[in-house]
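This report concerns only the one structure given below.
Please read these numbers as outputs of a predicted model, since none were measured by experiment. We count ligands from 1, going down the list as the structure has it; atoms in each ligand are counted the same way.
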Amino acid sequence: MSELVGHLIAGQRIPESGDGDVIDVLNPANGDVLGRVRLDATDAADRAVAAASAAYPSWADTPVGERVQCLFRYKQVLEDHFEELASLIVSEHGKTMGEARGDVRRGIDCVEYACAAPVLMMGNTLPQIAVSSSFCRSEDEGGIGIDSTSERVPLGVCVGVTPFNFPVMVPMWMWPMAVACGNTFVLKPSEKVPLSALREVELAHEAGFPPGVINVVTGGAPVVDRLITHDDVRAVSFVGSTRVARHIYSTACGAGKRAQCMGGAKNFMVIMPDANREAAIEGVLGSAFGNTGQRCLAGSVAAPVGEAAEWFVPAIVEAAKKITVARGDDPAVGMGPLIDSAGCDRVNKYIQIGLDEGAELLLDGREAGVPGGGCFVAPSVFDKVTPAMRLCREEIFGPVLSIYRAGTLDDAIAAINATEYGNMGVIFTSSGYNARRFKVQAKAGMIGINVGVPAPMAVFPFAGWKNSFFGDLHANGEDALRFFTEHKILVSRWL
Ligand code: NAD
């Protein structure tokens, strides 16, 4: 039986030996067991919060210019271990090597942005907001000036809870900015991919972060529930499904924490008759099947408008057929496995739901034909999907593209706005007028114009709407800085 995966607390790897429910960490390409995670390690959660609390006073007192030196060094350590981290992602998540490299690269972008904390944290001053005439030493002085200043100060111990689909990048949406601002942090990565996060944080200690500033505790829902209600925790950042986001948001807020919770998605891509055909096919293909459809920015519904369906539908089916499904480390791979057999079951269930609802299955990926016991479903394409069908409304999180043949751009926008989600929407067109109309009317936080995956750079907030997000301040960009700090306002007069 393989070993229990431990934790990383106060700069030390802490082995886990407790009992209770466990889950296997699997290589989804072949079913190899890479480790086991104890789901209810609440004792480790308490230890991690205690370590973060102990480290907080001196870390918050460390000048921000010194704090970011750790991040500058960390950026180089990550570059030195780039291929190692990418290979780890391939083995525990199943991504292709190219996708895994993208995961690490986008994570490094967040570290680079957090290096700007000395500039980002600067406050504001407004001198002479009023004049006080009392206490003047002479008539000539005319009054004593009152000045006002706002400063940004850290919160304390912050917690991050992350999903399986970007094992290195999503944790880096959170902790580098949090610690740059002077907070200390406890990360609870997905129990399906804990090894990448543990290595990511172990490398931070090679870069010189003091013990206790960034900690990792592994486990499942019981660990999360302990962390998000812990008396010594000030803020909770969550990324995962809408069901859990809603639970975390209400529980954490109910316990008096600041919370930001990024949830699930159902993303549409509109293809206008005047679109550049190659760009539209390539964009939709990458968006629907990249990362095996396991992206919150995955384009899940393609909506060709009017006559666009005539060229779009046959071309996208032909392109999807050509994707080579294989292990992530196979040089010929175009698309890797799903995360686990539960993921395969869910995707196969949705294919059956689509058939039952009367959609037309143009490409059936249920028999992927990849040898070796991995969790594979090949690209699947449904035509004649309507906005009322579950295929058009529910997150599948797998390589299934549904085609809704929209009569007009207005019909396509109405279908987008009718879903409960609002993460992203994409339009392919050569008309500035239609692109602008789409941008204004589509109710989604991230809009792509002739771009299949409108993933913002780390300097912009990652902005889902509706049930794709619960909270006020999004991940990344200026929002992250604001989420991980609070204002202190000074009003002063010198007598
Ligand atoms: P998930 O919600 O199942 O798990 C996410 C985290 O929550 C994990 O760490 C897990 O241990 C924890 N968790 C699960 N159930 C819990 C419970 N009942 N109580 C407390 N904690 C619990 O999500 P997942 O399957 O790992 O990831 C896929 C989902 O994440 C998709 O819905 C995807 O759209 C979403 N996602 C969203 C974004 C975004 O920015 N909006 C980014 C990436 C992924």
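- T162 counts as a contact of ligand 1, since one of its heavy atoms falls under 4.0 Å from the ligand.
- Residue contacts with ligand 1, taken as heavy atom pairs separated by less than 4.0 Å, involve W173 solely via side-chain atoms from C-beta onward.
- Proximity of F238 to ligand 1 is established by a heavy-atom distance of less than 4.0 Å.
- Numbered from 1 in the order shown, with element, the atoms of ligand 1 that lie under 4.0 Å from a heavy atom of S190 read 9 (O).
- In this structure, atom 4 (O) of ligand 1 has its sub-4.0 angstrom surroundings free of protein heavy atoms.
- By the criterion of a heavy-atom distance under 4.0 Å, neither the backbone nor the side chain of F469 is placed next to ligand 1.
- Under a 4.0 Å criterion applied to the non-hydrogen atoms of V161, ligand 1 contributes the atoms 6 (C), 7 (O), 9 (O).
- Of all atoms in ligand 1, listed by their number and element, those nearer than 4.0 Å to a heavy atom of F462 are 40 (O).
- Atoms of ligand 1 found under 4.0 Å from any heavy atom of H247, numbered from 1 in the order shown, are 19 (N), 20 (C).
- In terms of protein heavy atoms, atom 28 (C) of ligand 1 is closest to F397 CE2, 3.5 Å.
- One side chain, E200 or W175, offers a donor N or O that lies under 3.5 Å from an acceptor on the other.
- Each of the atoms 8 (C), 9 (O), 10 (C), 11 (O) of ligand 1 lies under 4.0 Å from some heavy atom of K188.
- Nearest to atom 37 (C) of ligand 1 by heavy atom, out of A265, A463, G263, A342, is G263.
- In the model, Q352 has a side-chain atom that pairs as donor or acceptor with a side-chain atom of D356 under 3.5 Å.
- Nearest-residue assignment for atom 17 (C) of ligand 1 (options A221, A475, S241; heavy-atom criterion): A221.
- For E282, the CD atom is loosely surrounded, since the number of other residues' heavy atoms within 6.0 Å does not exceed 12.
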Practice task
Could you walk me through whether F312 and I281 pass the side chain to side chain contact (heavy atoms under 4.5 Å, CB included) test, one step at a time?
Solution key: CA-CA 7 Å; F312 175 77; I281 302 298; 3.7 Å; yes
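- Side chains of V385 and I403 form no contact here, defined as non-hydrogen atoms less than 4.5 Å apart.
- For K349, the NZ atom is densely surrounded, since the number of other residues' heavy atoms within 6.0 Å is greater than 12.
- Contact annotation for R295 and ligand 1: no heavy atom of the residue comes within less than 4.0 Å of the ligand.
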Handout entry: Audit row: D383, R405, salt bridge (charged side-chain N to carboxylate O under 4.0 Å, His left out) steps and yes/no
Key = CA-CA 8 Å; D383 194 8; R405 295 178 183 236; 2.7 Å; yes
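- Closest heavy-atom approach to atom 35 (C) of ligand 1 within the set C296, P189, G240: this belongs to G240.
- With ligand atoms numbered from 1 in the order given, ligand 1 contributes 39 (C), 40 (O), 41 (N) to contacts under 4.0 Å with heavy atoms of M262.
- Applying ring-ring contact (aromatic ring centres under 6.0 Å, His included) to H474 and the options F469, F462, F483 leaves one that passes, F469.
- Contact annotation for E191 and ligand 1: only side-chain heavy atoms (C-beta onward) come within less than 4.0 Å of the ligand.
- Nearest protein heavy-atom contact of atom 27 (O) of ligand 1 is P163 CB, 3.2 Å.
- If you number the atoms of ligand 1 from 1 as listed, the ones under 4.0 Å from a heavy atom of V224 come out as 20 (C), 21 (N).
- Salt bridge status for E395 with R390: absent, with no side-chain N to carboxylate O gap under 4.0 Å.
- For the atom pair CE (M97) and CD (E83), the distance works out to 4.5 Å, reported to the nearest 0.5 Å.
- Of all protein heavy atoms, the one lying nearest to atom 44 (C) of ligand 1 is N165 OD1, 3.3 Å.
- Relative orientation of the F209 and W59 rings is tilted, given thresholds of 30° and 60° on the angle between their planes.
- The residues R38 and D43 are annotated as salt-bridged, a charged nitrogen and a carboxylate oxygen being separated by less than 4.0 angstrom.
- Shortest contact from atom 26 (O) of ligand 1 to any protein heavy atom: F164 N, 3.1 Å.
- The aromatic rings of F484 and F185 stand perpendicular to each other, their planes meeting at an angle above 60°, with 30° marking the opposite boundary.
- Residues N467 and E420 bring a donor and an acceptor atom of their side chains to less than 3.5 Å of each other.
- The closest protein non-hydrogen atom to atom 34 (O) of ligand 1 is E395 OE2, 2.6 Å.
- If you check each of V244, L39, V239 against atom 16 (C) of ligand 1, the one with the closest non-hydrogen atom is V244.
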